[in-house]
Amino acid sequence: MILNKQMEDKSYNNNTRVRFAPSPTGFLHIGSARTAFFNWLFAQKSNGKFILRIEDTDIARHQENTVNLIMNSLKWLGINWDEGPDVGGDYGPYRQSMRINIYKEYAQKLLNEKKAYLCFCSPEVLKKKKEVALKADKFYRYDRKCLKLSRKDINQNLNKGIDYVIRFLVPDNKIINFNDTVYGQISIDTKIIEDFIIVRSNGLATYNYSAVIDDILMKITHVIRGEDHLSNTPKQILIYNALNTKPPSFTHLPMILGQDGTKLSKRHGSISIESYKDEGFLPEAVLNYLALLGWSYGEKTTIFSKDDLIKKFNLNSINKKPAKFDYSKLLWLNGHYIRNSDNEILKELIKERMLKNINFKSDDTLIKSTENLDEKLDKIIPLIKERPKTLQECDSLISPFFFKIKYSTEIINYFKNKEISATKILNGAINSLSGPIVNSEDIEKNLRLLSEKLDVSFRKIAELIRIAIWASKVSPPLFGTIEILGKELTLERLKNYKNLL
RNA sequence: GGCCUGUUCGUCUAGUGGUUAGGACAGUAGGUUUUCAACCUACCAACAGGAGUUCGAUUCUCCUACAGGCUACCA
C-alpha cells in the first residue's frame with residue numbers, strides 16, 4: 001500500500017499538464033465542473049499546470065457570452081487556470097476558433113503523407129447509404145468511395161467547386177490498445193472505425209481531430225475527461241500515431257446521472273454551477289460533494305476541504321460506476337459548511353445577497369434601521385447559523401429582523417380554538433417585557449416568571465410570543481431574537497398581533 | 001444493428017475466496033430543547049439473475065438481463 005503510493009507519487013512531476021476544454025454552448029454544467037475539478041486537483045497534486053481551452057469550433061452552436069459564464073463559474077468554485085484565453089500562456093491561442101490555420105496545416109501534412117484524403121460525398125448521399133444499411137440491420141461505415149478517386153477526378157471536382165471534407169484514413173486490421181486509468185486495458189479493432197471526418201466542408205476541424213492537435217501542441221500529459229469520451233479515444237490515438245506522437249495518459253470519469261439514472265438534465269433540477277451559487281450553496285460544499293461522486297478516500301471520510309483533497313486525491317481510486325446526483329446529500333454538506341463557516345465570512349456572503357436582492361432606499365416593507373447592518377448581522381449570525389442548509393434559507397431566516405412581518409390567516413387564527421387565553425398572555429408578555437431588559441437572559445427570566453404567574457406552560461408562552469413577533473411557528477431562538485429585535489419593535493409586534501385576535 | 005463500459009442498502013460508497021458485508025446522506029423511532037434546526041442514541045436497508053471454478057464465492061470465469069456511452073460535416 002505504502003509502496004504503491006510512493007510509486008504513484010513518482011509519476012507526479014511538474015511537467016504534468018492537464019486541461020479542461022469546455023465547449024461554450026451554455027453555462028458550466030455540474031458534470032463538467034467535476035471534470036474541471038478533478039483535472040485541477042491532479043494538477044495541484046502534481047505541481048503541474050492546469051490549462052483552460054475553449055472548444056468553440058462549432059460556430060453554429062457556440063455563444064460568445066457563455067465563455068464568460070463558464071469562466072466566472074470556475075472562478076467562483078476557486079478553480080484557477082495557469083493558461084487560458086484570458087491569461088494567455090506559451091501555447092496559445094486557447095480558443096479553437098483562433099487556431100483554425102493550425103488545424104489546416106496539420107491536415108495538409110496528413111494529406112501529403114496519404115494519411116488523410118479528400119471526400120466529395122455529400123451529406124445527403126451519405127445519410128441515405130447509412131439509412132439503407134441500418135434498415136437492413138447491417139453494420140455501416142463509410143465506403144471509402146473517395147479514396148479511390150484519381151488525381152484527375154479530384155482536380156476536376158475541385159475545379160467544379162464541389163464541397164469536400166477531409167477524412168482520416170483509418171489503417172486496416174489494427175488493434176488499438178490503450179490503458180485507461182479507470183477502466184483499464186481497452187482494445188478496439190480498427191475495422192469498426194470508419195474514416196472519420198477531420199475537417200468539415202466549411203474548413204473547420206472536428207472535435208476528435210482538433211482536440212488531439214491541441215493536446216499535442218499544448219503538451220498535455222494527462223487527459224482527464226468524462227466517460228462519454230471513452231469510445232472516442234481510439235480515434236484520437238490513431239491521430240497521435242499518424243503524427244508520430246506519444247498519446248497522453250487517459251483517465252475517463254464515470255458519468256453523473258439524474259436520480260432516474262438518465263443523463264443529468266434540466267428536468268432533474270439545477271444543473272448549472274451558476275444556479276447553485278444563486279441558491280446559496282458554498283463553493284466548498286459543491287466541490288466536496290463533486291469529489292464524492294466517483295471518488296472516495298478510505299472508509300469513513302466524507303468531509304474534505306480543498307487542501308485535504310489536494311493531498312488525498314488520487315486518480316487510481318476513481319471508480320467506474322456512474323453516479324446519481326443526490327441533492328439532499330449536497331444540501332446536508334452545504335449545511336455543514338455553513339455551520340462551520342467563520343462568522344465574518346458568512347456575514348459578507350449574506351450581506352452581499354441582501355444588498356443584491358433589495359433596494360434599501362425604496363423598499364417600504366423595510367424597517368427603518370438598516371444603517372447598522374453590520375452590527376446587527378454580527379448578532380444575528382451566531383443565532384441562526386446552525387439552521388439553514390443554504391444561504392437562501394439564511395435570507396428568509398433573517399428577513400423579519402429587517403422587514404415588516406405579515407400575519408397569514410392561519411397564523412391569525414392559530415389560537416382561536418385553543419384553550420389558552422392568548423390575549424391574557426400577550427398582555428402579560430407586553431407587561432413583563434416593558435420593564436428594564438438588558439439581554440436574552442433577562443428576557444427568558446421574565447417570561448419564565450410570567451409562566452409561573454399565569455400557570456401556563458412555558459412552551460405555550462414561547463409559542464405565542466414567537467407567532468406574534470415572527471408571524472411564524474418557527475423562528476430563531478426566541479430570547480436572542482427578541483433582544484436583537486429590540487424592545488420597541490417587539491412590543492409593537494406583540495400589540496399588533498393582539499389586536500388581530 | 002455494431003462496438004465500448006458498467007451493475008454492493010433508496011442514494012454516494014468501503015470491502016473480502018471464509019466478515020454479524022462497514023460508513024455517510026435520506027428515512028423511521030427516541031433523547032435533548034422555547035419552535036425549527038443542530039447534536040446524541042437506536043432502527044431500517046444491499047452484493048442484478050443463472051451457470052461454472054472451488055471445500056467455500058458478493059469477490060475469479062462465462063452467459064443472460066438491465067443501464068449508460070460511442071457509432072454526426074456536436075463536443
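Per chain, numbering begins at 1; letters A, B, ... match sequence-line order.
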Name the nucleic acid region contacted by [X], choosing base, sugar-phosphate or nothing; use a 4.0 angstrom heavy-atom cut-off, strictly under.
| X | answer |
| --- | --- |
| A:P388 | nothing |
| A:K127 | nothing |
| A:F479 | base |
| A:G335 | nothing |
| A:R225 | nothing |
| A:K135 | nothing |

Which nucleotide wins on minimum distance to the side chain of [X], given the candidates [options]?
| X | options | answer |
| --- | --- | --- |
| A:E386 | B:U34, B:C12, B:A38 | B:A38 |
| A:R339 | B:G10, B:U5, B:A38 | B:A38 |
| A:N319 | B:C4, B:U13, B:A75 | B:U13 |
| A:S296 | B:U34, B:C12, B:A14 | B:A14 |
| A:Q259 | B:G69, B:G1, B:U11 | B:U11 |
| A:D228 | B:A14, B:C70, B:C36 | B:C70 |
| A:L478 | B:U35, B:U11, B:U34 | B:U34 |
| A:K324 | B:U11, B:G69, B:A38 | B:U11 |
| A:H229 | B:C12, B:A38, B:A75 | B:A75 |

Between [N] ([atom2]) and [X] ([atom1]): distance, integer Å:
| X | N | atom1 | atom2 | answer |
| --- | --- | --- | --- | --- |
| A:Y297 | B:C12 | OH | C1' | 19 Å |
| A:M255 | B:U11 | CE | C1' | 19 Å |
| A:K312 | B:U13 | NZ | P | 18 Å |
| A:I467 | B:U35 | CD1 | C1' | 9 Å |
| A:I381 | B:A37 | CD1 | P | 22 Å |
| A:H268 | B:U11 | NE2 | P | 14 Å |
| A:K320 | B:U5 | NZ | P | 9 Å |
| A:I188 | B:C70 | CD1 | C1' | 9 Å |

Whole-angstrom distance between [N] and [M], as gauged at atom [atom1]:
| N | M | atom1 | result |
| --- | --- | --- | --- |
| B:A38 | B:G27 | P | 10 Å |
| B:G50 | B:C55 | C1' | 22 Å |
| B:G49 | B:A29 | P | 31 Å |
| B:U61 | B:U71 | P | 29 Å |
| B:U54 | B:C60 | C1' | 10 Å |
| B:C25 | B:C43 | P | 15 Å |
| B:U28 | B:A45 | C1' | 11 Å |
| B:U59 | B:U19 | C1' | 12 Å |

Under 30°, 30 to 60°, or over 60°: which ring-plane class applies to [X] and [Y], parallel, tilted or perpendicular?
| X | Y | result |
| --- | --- | --- |
| A:Y276 | A:F325 | tilted |
| A:F20 | A:F50 | parallel |
| A:Y497 | A:Y407 | tilted |

Could you tell me which nucleotide pairs with [N] by Watson-Crick or G-U wobble geometry, both distances under 3.5 Å, or answer none if nothing does?
| N | answer |
| --- | --- |
| B:G18 | B:C55 |
| B:C70 | B:G2 |
| B:U41 | B:A29 |
| B:A65 | B:U7 |

Expected output: side-chain [X] to main-chain [Y] donor-acceptor under 3.5 Å:
| X | Y | answer |
| --- | --- | --- |
| A:N39 | A:T35 | yes |
| A:S272 | A:F27 | no |
| A:S341 | A:L346 | no |

Answer yes or no on whether A:R34 is positioned over the face of A:F38, meaning its NZ or CZ is under 6.0 Å from the six-membered ring centre and within 45° of the axis.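 Yes; both conditions hold, so A:R34 lies above the ring face of A:F38.
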Does A:R448 make a cation-pi contact with A:F458 (under 6.0 Å, within 45 degrees of the axis)?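 Pair A:R448/A:F458 counts as cation-pi.
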Taking A:D172 first and then A:K191, would you say they form a salt bridge - that is, a charged N and a carboxylate O separated by under 4.0 Å?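 Here A:D172 does not pair with A:K191 in a salt bridge, since their nearest N and O are not under 4.0 Å apart.
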Under a 4.0 Å N-O cut-off, is there an ion pair linking A:D342 with A:K347?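 Salt bridge flag = no for A:K347 with A:D342.
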Kindly indicate whether the side chain of A:R459 and the base of B:U34 share any N or O donor-acceptor pair separated by less than 3.5 Å?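 A donor-acceptor contact between them is absent.
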Can you work out whether A:T302 or A:L230 has the more 5'-proximal nearest nucleotide on RNA chain B?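 That would be A:L230.
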Toward the 5' end of RNA chain B, which comes first, A:V182 or A:Y289, by nearest nucleotide?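 So the residue in question is A:V182.
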Between the protein and nucleotides 71-73 of chain B, list the N/O to N/O atom pairs that are separated by less than 3.5 angstrom.
| unit_1 | atom_1 | unit_2 | atom_2 | d |
| --- | --- | --- | --- | --- |
| B:A72 | OP1 | A:K130 | NZ | 2.4 |
| B:A72 | OP2 | A:K130 | NZ | 2.7 |
| B:C73 | O3' | A:R200 | NE | 3.4 |
| B:C73 | O2 | A:S201 | N | 2.9 |
| B:C73 | O2 | A:S201 | OG | 2.8 |
| B:C73 | N3 | A:S201 | OG | 3.0 |

For atom CZ of A:F479, is the number of surrounding heavy atoms from other residues, nucleotides or ligands below 6.0 Å larger than 12?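 It does: A:F479 CZ has more than 12 such atoms within range.
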For B:A67, does OP1 or OP2 lie under 4.0 Å from any side-chain N or O of A:K263?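 So the side chain of A:K263 is outside the cut-off, no N or O lying under 4.0 Å from OP1 or OP2 of B:A67.
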